[in-house]
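Inspection log for the structure reproduced underneath, given as structure tokens.
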Protein chains: 2
Amino acid sequence: MLELAILGLLKEQELHGYELKKRLSDTFGPMSRVSFGSLYPALRRLEKAGAVEVTEAGPSAAAVSIPTTGSLSGERAAYRARRAGGGHDSRGRKVYRITPEGQALFEKLLAAEDASAEDDRSFQLRLAFARHLAADQRLGLLERRRAQLIERLARARTAVRAGRERLDSYARAVAEHSTEATEHDISWIERLIEVERSDQLERELKP
Amino acid sequence: MLELAILGLLKEQELHGYELKKRLSDTFGPMSRVSFGSLYPALRRLEKAGAVEVTEAGPSAAAVSIPTTGSLSGERAAYRARRAGGGHDSRGRKVYRITPEGQALFEKLLAAEDASAEDDRSFQLRLAFARHLAADQRLGLLERRRAQLIERLARARTAVRAGRERLDSYARAVAEHSTEATEHDISWIERLIEVERSDQLERELKP
DNA sequence: GTCTCGATGTATCGACTCGATATATCTGAA
DNA sequence: TTCAGATATATCGAGTCGATACATCGAGAC
């Protein structure tokens, strides 16, 4: 799901890898912190798939794209050329821009409804980009999440009950806190669902 | 940290892989769900390191919670009746037992204080096994966690403030909920710290 | 002036984890 | 009897992580 996050950020504006990592970390919280070891390979995958392209200059400048050689010496040469000519602080930056194919891929990844394999992080990500979903898709996302959390809560409560005697106070505290956190999440989701429904009602009343 | 979880469970009783996975899932909640693709390699690593050993038979009578118990010897007998000579259970069960080296490794892993690399899951795991730590180590664990969460909260609040205008309502909702969850965690940790301190005081008063 | 330190920036490596899948046995209900 | 579903071990490819390498830039120390 890292691809989704990258494309979502590049939809707003073109960015280079380092900046992308910073935004991922402090826009989506500690949940979706990303290491360079996955970010750079992901960018290369996206580039190979034609979903993003590299522009030469920084985000603000008028970008002139250069065919990527992929060779190290080529990159170095390009860097030296930029240094000599421009005077900009480019520092070997590779600024990425989303392509139309990338836009399509973003829509596809965002709407994918494999409810089975939805983990916490990917839900958080989808919700953060929910603006790009249709109203009914948004509701579906929230309701699938609610169902998942309710199921999780049931399991957790069973586990707490089963472990009441077997577990010591520390393990019990962990289990109970995890249960509480799930309850908290459920009530949050339900508030979001209500807001979503009332928004939908409003749209129906005055189209 | 999967090794720590495995050793911690095997400390209580000997178990086979499948049962180990079930316990990991419903003792430590959805946070530390484990796949077979990591469990079996981890078991092999531990076996190779001499931390666990394979016993031929199933867990001894007192140990088993799931109702497969009584049939184990029956299964093996039936297998032997069908196929002469094989020393193995027809289901291929491999029951693991912790060794003294494994005990030592458990202590070492549990007490390791690389506070920098402490993620949520490993903290949860350490706390669940906190019974095996000395009182001061327990307090240290909790206080490092509190510091980490406070730091995280500060970052999250900065991000929320910075994104108040830049982010749409969905991304903002995600960021705010993440902040709330961190606050909730902090107050939980602080309750645990207080309990820990009062326990310590009690021990000092009547040794 | 220059020197060092920490932030910026791209990139790779090995170790680890995940989800999917293969294989086989046992249990219980139709 | 048969057949679905739980039990049980194991491997594979793909993706992720933390550590590390290497280099530049800006700012403050001296």
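Protein chains get the first letters and strands the later ones, always in sequence-line order, with residue 1 at the start of each.
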In whole angstrom, give the distance that lies between atom CZ of Phe36(B) and atom P of dA20(C). 14 Å
Whole angstrom value for the distance that separates P of dT16(D) from CG of Leu125(A): 11 Å
Would you mind reading off the distance between Asp120(A) atom CG and dC18(C) atom C1', rounded to a whole angstrom? 15 Å
To the nearest Å, give me how far apart CE (Met1(B)) and C1' (dC17(D)) are. 13 Å
In whole angstrom, give the distance that lies between atom CG of Asp119(B) and atom P of dT16(D). 16 Å
Looking at Arg138(B) and Asp199(B), is any side-chain nitrogen of the basic one under 4.0 Å from a carboxylate oxygen of the acidic one? no
Quick one: which of dC18(C), dG18(D), dT9(D) gets closest to the side chain of Val34(B)? dC18(C)
Starting at atom OH of Tyr40(A), determine the distance to atom C1' of dA21(D), rounded to an integer number of angstrom. 13 Å
I would like to know whether His16(A) and Tyr96(A) meet ring-ring contact (aromatic ring centres under 6.0 Å, His included); could you show each step before the answer? CA-CA 6 Å; His16(A) 54 95; Tyr96(A) 291 90; 9.2 Å; no
Choose from dT17(C), dA10(D), dT7(D) the nucleotide whose nearest atom is closest to any side-chain atom of Arg93(B). dT7(D)
Closest-nucleotide ordering on DNA chain C, the 5'-leading residue of Lys22(A) and Glu3(B): Lys22(A)
If the cut-off is 4.0 Å, is Lys21(A) near the phosphate of dT8(C), judged by side-chain N/O to OP1 or OP2? no
Rounded to whole Å, how long is the line connecting atom CZ of Arg121(A) with atom P of dT17(C)? 15 Å
Under 4.0 Å from OP1 or OP2 of dT16(D): is there any side-chain N or O of Arg45(A) that close? yes
OP1, OP2 of dG15(D) versus side-chain N and O of Ser38(A): anything below 4.0 Å? no
Output the single nucleotide from dA6(D), dC18(C), dG9(C) whose closest atom is nearest the side chain of Tyr18(B). dA6(D)
What is the distance from CG of Leu39(B) to P of dT7(D), rounded to the nearest Å? 15 Å
Is the phosphate of dC17(D), meaning OP1 or OP2, less than 4.0 Å from a side-chain N or O of Ser35(A)? yes
Looking at Arg45(A), Lys48(A), Lys108(A), which one forms a salt bridge (Lys or Arg N to Asp or Glu O under 4.0 Å) with Glu3(A)? Arg45(A)
Should the heavy atoms of other residues, nucleotides or ligands under 6.0 Å from CD of Glu194(A) be counted, would the total exceed 12? no
Neighbour count >12 (heavy atoms, 6.0 Å) for atom CZ, Arg155(B): no
Any base atoms under 4.0 Å from Gly37(B), or only sugar-phosphate, or nothing? Heavy atoms, all strands. base
